[in-house]
Amino acid sequence: MIFSTYQFILVFLPITFSGYFVLHHLKMHSAAKLWLVLASFYFYAQGSTDFFPFFLGSVVANYVMGSTLSKLQGAGHRIERWFLLAVGVLANCALLGYYKYTDFFLVNVNRIAGTDFALQHIVLPIGISFFTFQLIAFLVDSFRGETKTYDVLDYLLFITFFPQLIVGPIVHHAEVVPQFENPQNAKINWNNVSLGLFIFSIGCAKKMLVADPLTTDAQAFFARINDHLPMLQSWFHSIEYTVSYYFDLSGYADMAIGLGCMFNIAIPQNFNSPYKAKDFQEYWQRWHMTLSRFLGAYIFRNVFKKGSKYRNYYVATMVTFFVSGFWHGAGWTFVVWGIVNGILVCIASYRNRKGKNTPVWLGVPLTFLLAVLTRILFVSVTFDDAWQVLKGLVRVNTLHMAEISAFVTDNWYPVVLTFVGLGICFFLPTTKTLAEKFKTDWKCLLYAAVLLIICICSMDKVVQFLYFQF
């Protein structure tokens with residue numbers, strides 16, 4: 001089940017919302033939380049039925065380990081704490097590794113050792129990359145003594161709350177659990193409901209009206225890579241996919257934030273106009289911000305040591321982006337993509353530290369160009385595919401006015417939509433800015449209603465969210 005479907009909008013959401021607040025109204029607060037937990041379990045099980053028992057077992061086991069770690073503070077329990085932390089983190093990584101990286105491991109073993117192990121073709125459970133990070137963060141913070149013994153229902157809601165469960169944003173227990181504990185959030189806030197619907201409708205429009213048609217068109221191009229790609233097609237579809245990828249991810253984040261708002265839960269922002277960044281350091285401060293926050297807190301800060309030659313900023317940055325690349329997908333193209341991004345961030349950081357700031361008029365288009373080029377590596381199945389597209393970008397002899405005219409005529413809808421998407425990215429305010437200016441009046445409500453109605457009328461051709469494959 002995904003957000004942009006009839007089943008979710010017309011059935012699941014109204015029933016879950018009504019049951020949650022009716023139970024709270026009847027002073028059955030624990031029952032209300034249990035209702036939301038069970039609804040979230042049902043939501044997850046619809047997408048990964050076979051994996052659900054493992055998901056449930058993992059969530060419960062991490063709660064037991066985290067609660068135990070939070071109690072075993074003090075020097076007298078040092079060995080037990082380290083042992084529990086190691087077991088918990090390794091168990092989470094092993095579960096993620098089995099489902100996500102088994103075939104990647106077997107392919108490389110076969111290639112290096114000349115063996116012929118059969119690939120397992122394991123279906124990747126949705127959301128495993130995201131909730132694994134949240135579980136690891138909970139364990140590490142429990143080890144550090146930065147958590148308390150949470151009520152089991154509040155903990156379950158932190159992990160399973162359906163708006164952020166499968167594609168993020170990656171939430172932190174310290175920002176979510178207190179909201180579920182707050183009795184004021186147990187009452188319907190119609191202003192929050194209106195604002196939530198407003199944000200949700202914007203996200204739904206981003207996803208269905210912009211991302212889906214562009215993604216379908218761009219993926220068709222990247223699925224048929226050959227040795228003679230024309231320059232125009234190479235540039236257009238690379239830019240098209242870069243635009244669609246942003247609208248797909250940010251659209252989902254907006255929908256998640258909007259849904260959270262309806263339940264009086266503030267979910268952190270995930271995107272802040274990343275294509276307006278003037279360099280790659282700023283780009284990653286604006287792109288998938290909750291992922292960057294997690295990697296910074298639990299990878300970068302554990303590697304970086306001020307004054308250390310071998311654990312300095314640049315080494316820590318490269319290690320962090322190596323992990324980021326490997327997290328994004330089981331393939332060497334993802335690893336290299338992460339490394340390239342790390343190098344670009346290091347270059348930007350070095351220039352900024354030396355006071356060599358790139359002017360906005362040059363930095364913004366240059367950063368976007370680099371984002372397009374790195375996205376080619378990200379979306380390509382093999383390095384050869386990426387290389388063919390990159391060669392196509394400079395195949396000037398294939399560029400003719402007749403070809404341009406024919407291409408635009410045959411592909412006018414994705415061309416127009418790509419330019420509309422670029423216009424939104426570079427010139428229009430973010431969803432957060434629109435939300436801050438939101439007023440519960442007929443204009444805003446009409447705007448949201450029109451977007452939502454248009455989306456509902458288009459739900460017979462929904463495309464899966466791109467991050468479902470990661």
Side-chain angles (χ1 to χ4, degrees), residues 1-3 7-68 70-71 125-128 130-132 134-135 137-139 142 147-190 192-193 196 255-267:
M1 189 191 311
I2 61 176
F3 297 159
Q7 181 186 2
F8 178 85
I9 292 178
L10 303 180
V11 181
F12 177 84
L13 181 59
I15 292 175
T16 302
F17 179 88
S18 301
Y20 179 68
F21 283 108
V22 166
L23 289 170
H24 271 308
H25 182 72
L26 297 173
K27 308 301 181 184
M28 301 170 66
H29 301 301
S30 294
K33 291 180 179 180
L34 179 60
W35 168 266
L36 190 53
V37 168
L38 293 176
S40 298
F41 279 149
Y42 173 80
F43 174 82
Y44 185 84
Q46 295 302 297
S48 284
T49 305
D50 293 339
F51 180 73
F52 180 74
F54 299 98
F55 168 70
L56 182 60
S58 176
V59 170
V60 172
N62 276 274
Y63 175 72
V64 173
M65 285 191 176
S67 299
T68 304
S70 66
K71 294 174 183 177
I126 61 172
I128 190 171
F130 291 88
F131 66 71
T132 297
Q134 291 180 199
L135 292 171
F138 175 71
L139 289 180
S142 297
T147 64
K148 60 179 183 178
T149 304
Y150 291 129
D151 175 85
V152 64
L153 288 177
D154 290 328
Y155 163 81
L156 288 173
L157 285 173
F158 149 61
I159 295 295
T160 68
F161 186 40
F162 69 88
Q164 55 79 43
L165 175 57
I166 54 177
V167 190
I170 300 172
V171 298
H172 192 269
H173 56 87
E175 64 192 357
V176 172
V177 173
Q179 296 186 68
F180 283 112
E181 294 176 332
N182 186 352
Q184 293 301 315
N185 289 337
K187 304 173 184 177
I188 292 182
N189 183 324
W190 291 111
N192 282 347
V193 173
M255 285 190 272
I257 292 168
L259 290 168
C261 189
M262 294 180 206
F263 286 84
N264 300 322
I265 303 299
I267 293 176

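Numbers here simply count residues along the sequence, with the first being 1.
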* S70 and S142: side chain donor to acceptor below 3.5 Å -> no
* Flag side-chain contact, heavy atom, 4.5 Å: V177 against F180 -> no
* For residues 157-184, pull every pair meeting salt bridge (Lys or Arg N to Asp or Glu O under 4.0 Å), keeping only residues two or more places apart or in separate chains. => K148-E181, E175-R293
* **Residue pairs, two or more places apart or on separate chains, that pass side chain to side chain donor-acceptor pair (under 3.5 Å) and touch residues 25-37** => H24-H29, K33-D154
* Asked: Among all residues two or more places apart in sequence or in another chain, which pass the side chain to side chain contact (heavy atoms under 4.5 Å, CB included) test with S18?
  -> none
* To do: Start with the C-alpha gap between L36 and F161, add the side-chain angles, then the distance that decides, and say whether side chain to side chain contact (heavy atoms under 4.5 Å, CB included) holds.
  => CA-CA 7 Å; L36 190 53; F161 186 40; 3.9 Å; yes
* Structure fact -> When rounded to the nearest 0.5 Å, the distance separating CD of Q7 from CD1 of I2 is 10.5 Å
* To do: Hey, can you tell me if F263 and F17 have their rings parallel, tilted or perpendicular (30° and 60° cut-offs)?
  => perpendicular
* Find the distance between CD1 (I15) and CG (L10) and round it off to the nearest 0.5 Å. => 10.5 Å
* Asked: Just by distance, do the side chain of N62 and the backbone of S58 share a donor-acceptor pair under 3.5 Å?
  -> yes
* Asked: Does any N or O in the side chain of Q179 come within less than 3.5 Å of the main-chain N or O of N185, such that one atom is a donor and the other an acceptor?
  -> no
* To do: Of all the heavy-atom pairs spanning I267 and G260, show the shortest one and how long it is.
  => CD1-CA, 4.0 Å
* Please name the pair of heavy atoms, one in A256 and one in P163, separated by the smallest distance, quoted to 0.1 Å. => CB-O, 3.2 Å
Validation: residues 42-56 side-chain donor-acceptor distances under 3.5 Å, sequence neighbours left out:
{"unit_1": "Y44", "atom_1": "OH", "unit_2": "I126", "atom_2": "O", "d": "2.8"}
{"unit_1": "S48", "atom_1": "OG", "unit_2": "I126", "atom_2": "N", "d": "3.0"}
{"unit_1": "T49", "atom_1": "OG1", "unit_2": "A45", "atom_2": "O", "d": "2.7"}

* To do: Verify whether the ring centers belonging to F158 and Y63 lie closer than 6.0 Å.
  => no
* **Separation between CZ of F3 and CZ of F12, rounded to the nearest 0.5 Å** => 9.0 Å
* Drop me the distance from L156's CG to D151's CG, to the nearest 0.5 angstrom. => 8.5 Å
* With sequence neighbours excluded, residues passing side chain to side chain contact (heavy atoms under 4.5 Å, CB included) with L38 -> L34, F41
* **Point-to-point distance, once rounded to the nearest 0.5 Å, from CZ of F8 to CG of L13** => 5.0 Å
* Q134 side chain to V171 main-chain N or O, any donor-acceptor pair under 3.5 Å? -> yes
* Could you grab the distance from atom CD1 of I159 to atom CD of Q164, nearest 0.5 Å is fine? => 7.5 Å
* Quick one: list whatever passes side chain to side chain donor-acceptor pair (under 3.5 Å) with S40, sequence neighbours left out. => none
* Side chains of F162 and L259: closer than 4.5 Å at any heavy-atom pair? -> yes
* Structure fact -> Closest non-hydrogen atoms of L23 and A31, given as atom of the first, atom of the second and distance, are CD1-O, 3.6 Å
* To do: For N264 and A186, indicate whether the former's side chain and the latter's backbone hold a donor-acceptor pair under 3.5 Å.
  => no
